[in-house]
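Working notes, structure below.
Values below: all heavy atoms of this structure, side chains included; hydrogens, waters and symmetry mates excluded. Note that the structure is a prediction, hence the values are computed from the model and not measured. When a ligand or atom number is given, it counts from 1 through the structure's own listing order.
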Amino acid sequence: MSAGQHAFAIRQQGLSAWRALERGFDAAFGAGLNPLRQLGAIGFLATWLLLASGVLLYIAYDTSVEGAYQSVAALDHWPLASGRVLRGVHRYATDVLVVVIVLHIVREWLHAHERGVRRFHWLTGVPLVVFAAISAVGGFWLAWDRLGRYSALASAEWLDALPLLGVPFARNFLVLDAVSDRLFSLFIFIHIGVSLLLLFGLWFHIQRLTRAAVWPSRALVLGLSVLLLVLALALPVRSQAPTASLAEPLALDWFVLWLHPLAETSTRGLAWALVAGSLALLLLAPFLPQPPRPAVAVVDADNCSGCERCFADCPYAAITMVPHPGLRGGHRLAQVDPDLCVACGICAGACPSSTPFRGSERLVSGIDVPQLPVDALRSRLRQYVAATNATHPLVVFTCDHGASASIAAD
Ligand code: HEM
Ligand code: HEM
Ligand code: SF4
Ligand code: SF4
């Protein structure tokens, strides 16, 4: 077996395992509440929550070196636990974002979405990982408690391990008293500026999707909000006093700050290799050898009435409407862009001429995907219906990868 075939086999096994997990979650929560089916949308929700809570935190934040720690620590004493909730929501939404990004990448990779049309989404996703990481780590510096100082110093030492940069960042932190208001303004600028870059990057990321699912189901919005609220109250985020004895263990946020202990216990070079290697892999993945793409959708001019349903439904904007070459009077014809079409078949389902209830001998759709034409689908349907003993057979059309439905038919 070649390396490429090995990778393909691993991906197929991973995909089967992922689908089994998705079905398990469907059974437990119902498809509408299944977070695994709405990872990108949860990422958007987490980002909006971060921006909203971030703005409120900033209003109460003292941007000077002396005042920063006190202003953040004071959140713990706000009336009705409001400060605790605000800080907790900001921190735990960050953790949610990190988890969701990892799962989203795994899911998209397992579905081979790094290639073809989705290469655009994949490649525009990679900078989002970097922006989210910088923003999340930089947030800890703002609290300027023991954890924030540890993270700032560890990050600076990590950057110093790369001789290319030539600026000894850690020197600024080795004597922490030397941290100036100007450097602190830079922290704030990085944290807020990079968060805004993330927002812009997200907008770019979904640009080419006609109807990107950027908002989770209402039940999931509610579920996630309640989860963050419960976490904020049950496990309150508290500043760790900078004066605390070094013997006292430092409470880390392992979702965000895992690289610091890794760099300390191994080497900073290894931590760099891990980060640079992972990013390089993400960037190179779309250009690695791929199996051939499936045949794209084909339009049959004689059966296309120009109704535009496929044009409206195609998720990848792969269809344009052009003047019909054989008909006058403003008739239009669907045209498929082979570079954009992923052969999902949604257009064939949308086309009125592909209804399986048409009586014609051979069913020819206005638009069809060659690997499963609607005529073949109708033949299969007839076979299944003929083979069933049910008095009232119920037929459900669903996607192979879609939510598994459990149907009770009498
Ligand atoms: C993707 C966007 C963002 C991420 C991932 C993020 C993450 C974080 C994290 C992890 C912390 C440390 C929390 C802690 O001390 O436990 C933090 C703190 C902070 N962030 Fe953000 N943040 C984001 C956006 C923003 C924005 C847009 C603002 C302001 C407009 C903001 C303002 C603050 C402030 C003032 C703090 C210090 C208060 C505190 O530590 O609780 N953040 N952020
Ligand atoms: C903050 C991080 C991210 C967020 C919030 C996010 C969000 C989203 C959303 C909302 C969609 C549209 C989903 C749909 O309509 O079904 C999407 C699609 C996609 N994302 Fe991300 N994304 C993020 C990062 C990434 C990363 C890091 C990658 C990969 C390196 C990636 C790869 C993709 C791909 C390939 C698609 C297209 C999926 C399809 O066409 O079915 N995303 N993303
Ligand atoms: S198969 Fe149809 S709906 Fe799917 S991407 Fe191609 S043209 Fe669009
Ligand atoms: S291919 Fe079908 S759905 Fe598309 S415009 Fe023609 S008739 Fe309408």
Side-chain angles (χ1 to χ4, degrees), residues 37-48 50 97-98 100-109 111-133 135-136 198-199 201-216 278-279 281-283 285-286 294-322 324 331-354 364-372 374 401:
R37 294 190 181 279
Q38 306 177 48
L39 290 167
I42 299 176
F44 261 80
L45 177 63
T47 309
W48 286 122
L50 279 163
L97 184 64
V98 172
V100 158
I101 290 178
V102 173
L103 291 176
H104 182 56
I105 295 176
V106 171
R107 183 184 190 279
E108 298 308 321
W109 181 77
H111 287 83
H113 283 174
E114 80 283 9
R115 62 180 188 215
V117 185
R118 281 131 166 163
R119 181 186 289 180
F120 171 83
H121 308 290
W122 181 274
L123 289 174
T124 54
V126 181
L128 302 182
V129 179
V130 179
F131 296 153
S135 204
L198 175 69
L199 194 63
L202 277 172
W203 168 78
F204 204 59
H205 184 56
I206 50 149
Q207 260 308 292
R208 293 201 191 161
L209 289 169
T210 321
R211 263 181 301 277
V214 290
W215 201 243
S278 310
L279 284 177
L281 259 183
L282 284 177
L283 286 170
V296 301
V298 178
V299 176
D300 183 287
D302 292 340
N303 281 277
C304 173
S305 66
C307 71
E308 298 194 3
R309 289 197 194 172
C310 57
F311 168 72
D313 279 3
C314 173
Y316 296 97
I319 297 174
T320 36
M321 299 305 297
V322 296
H324 199 299
H331 269 96
R332 308 225 290 159
L333 175 73
Q335 190 177 61
V336 176
D337 181 339
D339 287 334
L340 295 182
C341 175
V342 299
C344 66
I346 289 175
C347 50
C351 182
S353 50
S354 64
V364 182
S365 170
I367 189 163
D368 221 338
V369 275
Q371 41 287 357
L372 185 54
V374 286
H401 323 313

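Short contacts between ligand 4 and Pro352, defined as distances under 4.0 Å to a heavy atom of the residue, involve ligand atoms 3 (S). Atoms of ligand 4 lying under 4.0 Å from any heavy atom of Met321, numbered from 1 in the order shown and given with element: 5 (S). Ligand 4 places these atoms under 4.0 Å from at least one heavy atom of Gly366: 1 (S). The atoms of ligand 2 that sit less than 4.0 Å from any heavy atom of Val129 are 27 (C). Here is the list of ligand 2 atoms found below 4.0 Å of a heavy atom in Leu209: 12 (C), 40 (O).
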| request: Evaluate the side chain to side chain contact (heavy atoms under 4.5 Å, CB included) criterion for residues Leu282 and Trp122: first the C-alpha distance (whole Å), next the side-chain angles of each, then the deciding distance (0.1 Å), finally the verdict. | output: CA-CA 8 Å; Leu282 284 177; Trp122 181 274; 3.5 Å; yes
| said: Please evaluate residues Ile319 and Asp337 with respect to the criterion side chain to side chain contact (heavy atoms under 4.5 Å, CB included), reporting the C-alpha separation (whole Å), side-chain torsions for both, the decisive distance (0.1 Å), and the verdict. | reply: CA-CA 6 Å; Ile319 297 174; Asp337 181 339; over 6 Å; no
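The closest protein non-hydrogen atom to atom 2 (C) of ligand 2 is Ile101 CG1, 3.6 Å. Scanning the protein heavy atoms around atom 8 (Fe) of ligand 4, the nearest turns out to be Cys307 SG, 2.3 Å. Ranking the protein heavy atoms by distance from atom 7 (S) of ligand 4 puts Ser305 N, 3.3 Å first. Of the protein's non-hydrogen atoms, the one nearest atom 5 (S) of ligand 4 is Glu308 N, 3.3 Å.
Among Gly349, Cys351, Cys304, the residue whose heavy atom lies closest to atom 2 (Fe) of ligand 4 is Cys351. Distances from atom 13 (C) of ligand 2 to the heavy atoms of Pro315, Ala285, Ala213 show the closest one on Ala213. The closest heavy-atom contact to atom 5 (C) of ligand 2, among the options Leu202, Thr124, Ile105, Val100, comes from Leu202.
Rounding to the nearest 0.5 Å places CD of Glu108 at 8.0 Å from CG of Leu39.
Remark: distances from the non-hydrogen atoms of Trp109 to ligand 2 are all 4.0 Å or more.
With contacts defined as side-chain heavy-atom distances shorter than 4.5 Å, the pair Leu128/Ile101 does not qualify.
Atom 2 (Fe) of ligand 3 has Cys347 SG as its protein N, O or S neighbours under 2.8 Å.
Taking a 6.0 Å sphere around CZ of Arg332, one finds it holds more than 12 heavy atoms contributed by other residues, nucleotides or ligands. Heavy-atom neighbours of Phe204 CZ from other residues, nucleotides or ligands within 6.0 Å: at or below the threshold of 12. Within 6.0 Å of CH2 on Trp109 lie more than 12 heavy atoms contributed by other residues, nucleotides or ligands.
A pairwise comparison of heavy atoms in Val296 and Pro370 identifies O-CD, 3.2 Å as the closest pair.
Distances between N or O atoms of Phe44 and those of ligand 2 include no value under 3.5 Å.
Around atom 21 (Fe) of ligand 2, protein N, O or S atoms at less than 2.8 Å number 2.
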